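Take a look at the structure set out below.
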Amino acid sequence: MPGSVRRQPPEGTESPRSALHSENEPAGCTHGGAPAAATIVPHLTRRHSYMSWLHVQHAFSAPVGTPVTIKGWVRTNRESKADGGLCFVAVSDGSCFEPIQCVIRASLPGFDQAQRLTTGCSVEVDGVLVASQGKGQAVEVLVDPAQGGALRVVGWVENPDTYPVSNKRHTFEYLREVAHLRVRTNTFGAVARVRHCLSMAVHRFFHERGFFYVHTPIVTGSDCEGAGQMFRVSTLDMLTRPLTDDGKACDFSHDFFGKETHLTVSGQLNVETYCSALSNVYTFGPTFRAENSNTSRHLAEFWMIEPEMAFCDLQRDSEIAEDFIKFLIRAVLSERADDMKFFDERIEKGLIARLTHVLDTPFRRLPYTEAIRILEAAAASGTKFEFPIRWGADLQSEHERYLTEVHFKQPVILMNYPKSIKAFYMRVNDPGTDGAPAETVAAMDVLVPGIGEIIGGSQREERLDVLDRRLDEMGLNKADYWWYRDLRRYGTVPHAGFGLGFERLILFVTGMQNIRDVIPFPRAPKQAEF
RNA sequence: UCCCCGAUAGCUCAAUGGUAGAGCGAGCGGCUGUUAACCGCUAGGUUCUAGGUUCGAGUCCUAGUCGGGGAGCCA
């Protein structure tokens, strides 16, 4: 039945199927015309709701007395002898954090099935939403045969003793080994919903501001994207691969694309081309790095968001980055309050206060050169750093953490880094910027407590002669960058952008510690089981 | 890739070089509008893999595999 609520016969006249497919049904009437039902899920229109049962999320806000059907997976089952015999079966369908408690009376035919339900079984439950007699939940589903109650066990758990996510606490390390089932737990269900919420908020942020979403390629023929080791894409047989005439290398002219290709490590160079026509654009897609990184902050396959703005300088770039992060935090606090409450109580105490503080505080902006002075002063007054502080060297993790966690205790945007440690495409600053002792580029890193670098961005070098000089300095072949250089030859404009690691954002927002626990099926060195 | 730590029941962990244990989970029973339930009973083991030392190895040694923490690379 569309709109999810099992309807009493007098209400509505159209058949459930016709209502489901009716093009003319107005929003809010998805429950077959039942007035009460229309208030349950006012935001659901016919197009949005195509189920004949009720999501738990919506059952919680339905009026007492509503007949409902719930479909989902058993979280817990407790039995009582009270009232002639009851089973308390908590059912979750993932639509919200809380499962709903179904109270099954012993008078139900086949009550023995209810008694045998264990964690993980899939069920369909018909019942009536009632005010709960017990503590711990406001409403519950009473399954009483006298009121049309029914239980249908759809799938049993074949051996409850070995069910991998039994009803007990499990470590995240263990759950990673059962990634196909871990989403049935509180934590991973909450992560999945928050991840979705953030994904939608990313698109909403840019769409509302006139940015266009650009699908940059996953397979790249440029070996010049800059960032680190790449995964090869090839259809050649590794044992019989063709060799070049001198026999010393693989002849990729026989390969699928006729040249050597890899998985992308960044959509930036491609998205800059669309920026140079559509003004404000962004990508949001998978990114691949073949680095042998074994940390809680790195994945071989991760998702990255890369906006690119025409006629934009570094200052505005940083303002957009700050607005963006705050928009995403606001979205998740308001839309996933149930999951965020869980993270706040069970994953990181004080999480919500921390995020609220981020919302209320302007990000601290300071030049790299000044950050070096602060770190030198800290070292001089006794703070121990493993690595020396020196203008011109990249900041180590410990330095970034000191700035954002100890010194400022808030997100910090470092700007204008030494040219020598940054990428070729970053715009070279005028000499003497920030009183720096050597040349700098218009780069920025957004550092947040607990995570470190969450965003890296820059104003791009729009001057062809300067860009060419940079390519030469870094020993890069200009011919490889012919189309990227063309952007500077034909109507070049100042532009800027940044990259946000999506999984790092989720870590920041949920308080989760390991990046492998905020992506459904993590890919990392020696890890691609699922 | 480097440094450190770890791998024993479905899960989390104990176990002087000398008989393999507990809690949780699971099964059965009791009690109870239950809800991290509680009480009793029961089942459950190739101690990561391959070598080695020893009368005897979960325990000691070597190598490997996988996992965790930190570092580097970065988002």
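All figures in this text were calculated on a predicted structure; none of them were measured in a lab. Values reported hereafter were calculated over all heavy atoms of this structure, with side chains retained and with hydrogens, waters and symmetry mates removed. Here is how names work: the chains are called A, B, and so on, in the same order as the sequence lines, proteins then strands, and each is numbered from 1.
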Is [X] touching bases, backbone alone, or none of the nucleic acid, heavy atoms closer than 4.0 Å?
X	result
Thr118(A)	sugar-phosphate
Glu140(A)	base
Asn159(A)	nothing
Arg75(A)	nothing
Leu299(A)	base
Tyr174(A)	sugar-phosphate
Val165(A)	nothing
Glu398(A)	nothing

Euclidean distance for [atom1], [N] against [M] (whole angstrom):
N	M	atom1	answer
rU8(B)	rA50(B)	P	16 Å
rG10(B)	rG30(B)	P	28 Å
rG69(B)	rA57(B)	P	35 Å
rU59(B)	rU53(B)	C1'	13 Å
rC2(B)	rA9(B)	C1'	36 Å
rG67(B)	rG29(B)	C1'	40 Å
rA26(B)	rA15(B)	P	27 Å
rC39(B)	rG25(B)	P	11 Å

[X] side chain, from C-beta outward: closest of [options]:
X	options	answer
Lys168(A)	rG69(B), rG23(B), rG68(B)	rG23(B)
Gln137(A)	rU34(B), rG67(B), rC74(B)	rU34(B)
Gln396(A)	rA71(B), rA37(B), rG10(B)	rA71(B)
Asp161(A)	rG33(B), rG25(B), rG72(B)	rG25(B)
Arg297(A)	rG33(B), rG10(B), rA71(B)	rA71(B)
Asn167(A)	rA37(B), rG33(B), rA71(B)	rA37(B)
Pro160(A)	rA26(B), rC11(B), rG33(B)	rA26(B)
Thr295(A)	rG33(B), rG72(B), rG68(B)	rG72(B)
Val103(A)	rG10(B), rG33(B), rG25(B)	rG33(B)

>> Using only atom types and a distance under 3.5 Å, with no angle test, would you say the side chain of Thr261(A) pairs donor to acceptor with the backbone of Val233(A)?
In response: yes
> Does Ser318(A) offer a backbone N or O that forms a donor-acceptor pair with the side chain of Arg365(A) under 3.5 Å?
Replying inline: yes
Is it the case that [N] (base atoms only) and [X] (side chain only) share a donor and an acceptor within less than 3.5 Å, ignoring hydrogens and angles?
X	N	value
Gln101(A)	rU34(B)	yes
Gln229(A)	rU1(B)	no
Lys81(A)	rC31(B)	no

> Do His399(A) and Phe385(A) pass the ring-ring contact (aromatic ring centres under 6.0 Å, His included) test, and can you show the C-alpha distance, the side-chain angles, and the key distance before you say yes or no?
Replying inline: CA-CA 8 Å; His399(A) 303 145; Phe385(A) 292 118; 5.0 Å; yes
Can you measure [X] atom [atom1] to [N] atom [atom2] for me and round it to whole angstrom units?
X	N	atom1	atom2	value
Phe302(A)	rC74(B)	CZ	P	12 Å
Arg176(A)	rG6(B)	CZ	P	19 Å
Asp144(A)	rG33(B)	CG	P	17 Å
Arg116(A)	rG29(B)	CZ	C1'	17 Å
Ile451(A)	rG70(B)	CD1	P	11 Å
Leu175(A)	rG25(B)	CG	P	16 Å
Glu386(A)	rC3(B)	CD	P	14 Å
Arg78(A)	rA36(B)	CZ	C1'	10 Å

>> Which heavy atom of Arg364(A) sits nearest to which heavy atom of Gln410(A), and what is that distance?
In response: N-NE2, 3.2 Å
> Distance check: side-chain N/O of Ser296(A) vs OP1/OP2 of rG70(B), anything under 4.0 Å?
Replying inline: yes
> Under 4.0 Å between a side-chain N/O of Ser166(A) and OP1 or OP2 of rC11(B), yes or no?
Replying inline: no
> Is a side-chain donor-acceptor pair under 3.5 Å present for Gln268(A) with Tyr425(A)?
Replying inline: yes
>> With a 3.5 Å limit on both atom pairs, tell me what rG21(B) is paired to, counting Watson-Crick and G-U wobble, or say none.
In response: rC13(B)
> Which nucleotide, in any strand shown, forms a Watson-Crick or G-U wobble pair with rC38(B), with both distances under 3.5 Å?
Replying inline: rG30(B)
Should the ring pair [X] and [Y] be called parallel, tilted or perpendicular, given that the plane angle runs from 0 to 90° and is split at 30 and 60?
X	Y	result
Tyr282(A)	His203(A)	tilted
Phe502(A)	Phe284(A)	perpendicular
Trp391(A)	Tyr368(A)	perpendicular

